[in-house]
Asks: 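Just passing along the structure, written as structure tokens.
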Protein chains: 2
Amino acid sequence: MLNETHDPSLTSWVPATLSDAADFPVQNLPFGRFQLAGAQSASVGVAIHDAVLDLSGAARAGLISADLAHAVLRCEDGWLNALMALPPALLSQLRLELSRLLRSGSEAEDRLRPLLLPRPGVLMLKPVDVRNFSDFFTSVHHARNAGKLKRPDNPLFANFHTLPVAYHGRASTVCVSGTDFIRPHGQRLPDGAADPVYGPSIAVDYECEIGVYVGRGTALGERPALKDAADHVFGLCLLNDWSARDIQGWEAAPLGPFLAKSFLTSVSPWIVTLEALAPFRVNAAAREAGAPALLPHLDHADDRSHGGFAIDLEIGLTSAAMRQAGQAAITLSRPKFTDQYWTIFQMLTHQGSNGCRIETGDLIGTGTISGPREDELGCLLEATRGGRTTFALPSGETRSYLADGDEVTLSARCAAPGRVSIGFGLCTGRVLPS
Amino acid sequence: MLNETHDPSLTSWVPATLSDAADFPVQNLPFGRFQLAGAQSASVGVAIHDAVLDLSGAARAGLISADLAHAVLRCEDGWLNALMALPPALLSQLRLELSRLLRSGSEAEDRLRPLLLPRPGVLMLKPVDVRNFSDFFTSVHHARNAGKLKRPDNPLFANFHTLPVAYHGRASTVCVSGTDFIRPHGQRLPDGAADPVYGPSIAVDYECEIGVYVGRGTALGERPALKDAADHVFGLCLLNDWSARDIQGWEAAPLGPFLAKSFLTSVSPWIVTLEALAPFRVNAAAREAGAPALLPHLDHADDRSHGGFAIDLEIGLTSAAMRQAGQAAITLSRPKFTDQYWTIFQMLTHQGSNGCRIETGDLIGTGTISGPREDELGCLLEATRGGRTTFALPSGETRSYLADGDEVTLSARCAAPGRVSIGFGLCTGRVLPS
């Protein structure tokens with residue numbers, strides 16, 4: 001449902017001079033959590049062009065209506081959870097009020113100006129107290145590419161087309177963009193060895209994903225219907241599910257990945273709301289020929305046109321040597337979220353389909369997003385065929401997996417004809433030596 | 001380390017008339033969270049014979065020393081997390097003070113009496129805000145029995161002897177004993193069918209486990225040493241990892257169990273501290289002949305005698321028909337925790353061995369505890385060979401998996417020569433019709 005907040009003719013009075021200012025036009029208005037240098041407590045913020053609006057300050061100053069201000073101020077410690085739990089209609093009202101305050105011609109400009117902080121001076125924090133993190137496996141291209149490495153004749157398991165496969169990830173190590181991590185230790189089986197060794201992973205990889213934050217939760221035993229799934233989605237972010245392929249290879253039978261994934265999961269600081277993404281909803285990817293019919297509870301049927309999002313992702317890499325030489329990041333890949341086989345609404349519906357309680361602040365990862373083309377692969381496992389091939393960097397170095405000092409940056413933009421594009425900001429992380 | 005709180009000659013002035021009063025002698029002193037009928041808020045409690053001591057009340061009344069009272073009262077909402085985060089030395093001090101207050105001859109009896117509540121009148125709540133739930137797979141008997149059903153010639157995967165296998169479970173559905181659950185829905189592949197169906201599971205099972213609560217956490221990138229693992233353990237509870245075997249069979253490739261486990265995990269309300277368990281620590285189970293040498297970071301070496309716990313478990317069952325006929329529960333199995341292949345300290349060390357942050361309030365499940373004998377199996381998957389055999393109930397009914405109305409009760413006792421036995425209380429749950 002589009003409304004006045006999506007109007008492409010709207011502009012904002014807030015300056016747009018930063019290189020990423022175009023990610024945050026007045027049509028976007030994503031939420032985040034920030035801390036001012038030297039401040040003790042965190043606040044809720046909204047990104048707008050070059051600035052962060054201190055939403056907590058705006059609430060205290062009476063610039064938004066009382067019931068919304070009350071909800072914002074309940075986010076006392078800055079976590080967005082209290083805000084995310086609001087009914088979609090109230091969140092929509094908040095978006096409308098913010099749009100009217102921040103658009104060109106607003107009468108509140110003078111009162112808002114003291115509440116605008118230059119984004120480069122603001123420390124962005126993890127936005128949400130993540131209660132549960134589930135990571136899915138919903139790109140058929142990724143599943144097929146990864147499966148081929150082990151099972152060339154039968155890369156997809158039989159369940160791939162009937163349910164969005166997933167596992168529970170580690171909530172405690174979901175960290176905000178910019179959190180670097182020590183190369184993880186773990187057990188791996190060297191080629192040809194009979195017994196594993198324990199030490200630093202030699203196959204550290206990224207996985208380019210979208211994260212989905214749950215707003216309103218469900219009760220134990222409730223099973224949300226697919227048609228209502230959107231009511232439980234607060235918004236989307238970028239997510240890097242860092243993975244140690246050698247650790248994964250040894251540990252994962254029979255219960256799935258554990259330490260190979262739990263050392264860090266990075267999320268972008270800004271959450272783009274489902275409402276901001278409304279102009280970019282498109283048809284979900286087509287089902288594959290010969291796939292079994294969907295079971296009714298996972299079938300979008302004629303509602304399928306609401307399932308996809310026109311989000312173009314980009315994966316960039318710099319090495320320490322590249323940064324030292326002043327070389328810009330190289331683009332490793334440009335996956336498209338429209339290639340995803342299962343929709344985020346099917347994922348959420350599946351998550352709750354056994355009666356599992358879904359909580360405000362839950363994070364759902366889509367799994368690695370890969371397209372059909374070689375320049376649309378979402379992780380190095382696919383790009384280098386399980387580490388068997390290498391690629392060159394401008395510094396003259398080569399890579400099959402990540403080296404110490406490598407920094408991976410995810411970014412994403414949404415575009416649609418006649419619409420103002422919006423972006424997600426960045427999701428970065430760097431591998432530190434062990 | 002044993003101290004005066006373990007003295008077997010100690011008795012308590014609190015009456016012991018209830019059938020389970022012997023679970024909670026003054027040598028035990030487990031912690032829980034409770035709510036009085038009609039009360040708005042939860043409090044921290046300690047079980048002693050027939051009673052619950054209102055520890056929050058004792059703190060307010062100045063009956064424990066000031067720094068401990070401060071920690072108890074920080075558990076404002078009743079969650080034990082603030083208490084669990086205390087250094088082991090302070091927790092030990094609290095145990096000593098409680099022991100002195102509650103033992104026969106205490107001068108505080110008159111002041112404490114108003115703070116003692118009859119256990120049957122007290123509603124026990126989930127004790128801990130569980131941040132992350134990891135479930136392990138550390139009984140070699142369970143692993144072999146379960147593996148044989150699919151791979152008769154090769155039941156154990158190669159990694160079983162080199163690391164404690166685990167997966168992340170669902171934190172949001174960890175519920176306290178007494179929480180009944182609707183038979184979960186899910187996808188299953190009927191025998192001989194090409195495509196799955198969605199509906200109520202026809203293979204609902206229990207799994208008898210011990211739960212381990214983390215006290216002090218670790219920082220991101222820290223890797224706790226095995227010798228320090230005990231400093232991170234607050235205490236143990238009973239845990240039933242309810243499982244839908246048909247859902248698990250269809251969904252688990254390639255990322256492990258997800259919806260088959262996430263509908264409910266039951267925990268007993270009382271947490272028995274590691275210090276209370278000190279008299280019952282024994283040798284860990286012997287390694288199997290021919291197993292590869294342990295990697296150093298998981299090797300107890302001469303410290304191995306600290307790894308095991310003499311805990312005897314019991315699994316009881318009643319059906320609706322049995323309860324209607326006034327028939328007592330039948331004992332399905334009596335697993336021994338001493339048969340466990342990996343210790344709880346190896347599990348915690350493994351969990352942190354990649355640098356994963358471990359948080360106060362994390363819950364680690366041991367996985368199904370099974371012994372080598374037929375009457376020591378920890379789940380029905382093993383007892384009925386994947387549902388292929390049945391067993392009889394006193395009501396004339398038969399079972400291969402659980403029927404609607406079935407109630408499973410886990411209990412456990414610790415015994416050692418010359419020591420006062422302690423118990424864990426009960427962990428119950430009932431299957432409700434879908």
Side-chain angles (χ1 to χ4, degrees), chain A residues 131-134 137 147 157-159 162-163 165-173 175 179 181-182 184-187 189 194-198 201 220-221 223 244 247 250-260 262-264 292-293 295-298 350-351 353-359 362, chain B residues 131-134 137 147 157-159 162-163 165-173 175 179 181-182 184-187 189 194-198 201 220-221 223 244 247 250-260 262-264 292-293 295-298 350-351 353-359 362:
Chain A
R131 300 299 305 185
N132 304 272
F133 169 42
S134 303
F137 183 70
F157 285 98
N159 59 13
T162 78
L163 55 79
V165 171
Y167 68 99
H168 289 112
R170 178 87 189 169
S172 77
T173 46
C175 294
T179 306
F181 63 93
I182 297 167
H185 275 54
Q187 290 192 23
L189 191 67
D195 297 321
V197 297
Y198 174 72
S201 166
L220 189 67
R223 298 193 302 271
I247 299 174
W250 179 243
E251 75 175 356
L255 297 179
F258 185 58
L259 300 188
S262 66
F263 57 93
L264 191 76
L295 287 158
H297 70 296
L298 291 178
H350 180 65
Q351 174 94 62
S353 67
N354 65 343
C356 173
R357 173 160 53 210
I358 298 175
E359 293 184 297
D362 281 359
Chain B
R131 299 300 306 185
N132 304 271
F133 169 42
S134 303
F137 183 68
F157 285 98
N159 58 13
T162 79
L163 56 79
V165 171
Y167 68 99
H168 289 112
R170 179 86 188 170
S172 78
T173 46
C175 295
T179 306
F181 63 93
I182 297 167
H185 275 55
Q187 290 192 24
L189 191 68
D195 296 323
V197 297
Y198 174 72
S201 166
L220 190 68
R223 299 192 301 270
I247 298 174
W250 179 244
E251 76 176 355
L255 298 179
F258 186 57
L259 300 188
S262 67
F263 57 94
L264 191 76
L295 287 159
H297 70 296
L298 291 178
H350 180 64
Q351 174 94 63
S353 67
N354 64 344
C356 173
R357 174 159 54 210
I358 298 175
E359 292 184 298
D362 281 359

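Just the heavy atoms: all of them, side chains too, but no hydrogens, waters or symmetry mates, feed the values below. Predicted model only: the values in this text are computed from it and were never measured. Lettering of chains follows the sequences in order, A, B, ..., and the numbering in each one begins at 1.
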Asks: Heavy-atom distance under 4.5 Å to chain B: side chain of A:Ala194, backbone, both or neither?
Replies: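 Looking at A:Ala194, nothing touches chain B.
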
Asks: If you count heavy-atom pairs under 4.5 Å with chain A, which of B:Cys175, B:Gly186, B:Pro196, B:Pro292 comes out on top?
Replies: B:Pro196

Asks: If you count heavy-atom pairs under 4.5 Å with chain A, which of B:Ala244, B:Ser172, B:Cys356, B:Ser262 comes out on top?
Replies: B:Ser172

Asks: Taking all non-hydrogen atoms of both residues, which atom of B:Arg223 and which atom of B:Ser353 are closest, and how far apart?
Replies: CD-O, 3.0 Å

Asks: If I compare all heavy atoms of A:Phe137 with all of B:Leu255, which pair ends up nearest, and what's the gap?
Replies: CB-CD1, 3.7 Å

Asks: Looking at every non-hydrogen atom in both residues, tell me the closest pair between B:Leu163 and B:Leu298 and how far apart they are.
Replies: CA-CD1, 4.3 Å

Asks: Describe, in one word, how the ring planes of A:Tyr198 and B:His297 are oriented to each other, choosing from parallel (under 30°), tilted (30 to 60°) and perpendicular (over 60°).
Replies: parallel

Asks: Please look at A:Phe263 and chain B and tell me whether the side chain, the backbone, both or neither of the residue comes under 4.5 angstrom of a heavy atom of that chain.
Replies: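 Its backbone and side chain both get close to chain B.
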
Asks: In Å, rounded to the nearest 0.5 Å, how long is the span from CD1 of A:Ile358 to CD of A:Gln351?
Replies: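 With rounding to 0.5 Å, CD1 (A:Ile358) is 5.5 Å from CD (A:Gln351).
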
Asks: Looking at chain B, which one of A:Gly221, A:Ala260, A:Ala158 has the largest number of heavy-atom pairs inside 4.5 Å, strictly under?
Replies: A:Ala158

Asks: May I ask you to name which of B:Pro184, B:Gly355, B:Ala253 has the most heavy-atom pairs under 4.5 Å with chain A?
Replies: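 Greatest number of close heavy-atom pairs with chain A: B:Ala253.
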
Asks: Please determine, among B:Ile182, B:Thr179, B:Leu264, B:Val165, the option with the most heavy-atom pairs under 4.5 Å with chain A.
Replies: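 Ranked by contacts with chain A, first place is B:Val165.
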
Asks: Identify the heavy atoms of B:Trp250 and A:Asn159 that sit nearest to each other, and give their distance.
Replies: O-ND2, 2.9 Å

Asks: What part of A:Asp195 gets within 4.5 angstrom of chain B, counting heavy atoms only: side chain, backbone, both, or neither?
Replies: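 The side chain, not the backbone.
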
Asks: Can you see which heavy atom on A:Ala252 is nearest to which on A:Pro257, and at what distance?
Replies: CB-N, 4.1 Å

Asks: For chain A, find which of B:Ala171, B:Ala166, B:Ser134, B:Pro296 contributes the most heavy-atom pairs closer than 4.5 angstrom.
Replies: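 Looking at each option in turn, the highest pair count goes to B:Ala166.
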
Asks: For the candidates A:Glu251, A:Arg357, A:His185, A:Arg170, which exhibits the highest count of non-hydrogen atom pairs separated by less than 4.5 Å from chain B?
Replies: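 Looking at each of A:Glu251, A:Arg357, A:His185, A:Arg170 in turn, A:Arg170 comes out on top.
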
Asks: Please flag which part of A:Glu359 lies under 4.5 Å from any non-hydrogen atom of chain B: side chain, backbone, both or neither.
Replies: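 Both parts, heavy atoms under 4.5 Å.
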
Asks: Please rank A:Asn132, A:Leu220, A:Thr173 by heavy-atom pairs under 4.5 Å with chain B and give me the top one.
Replies: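 Looking at each option in turn, the highest pair count goes to A:Asn132.
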
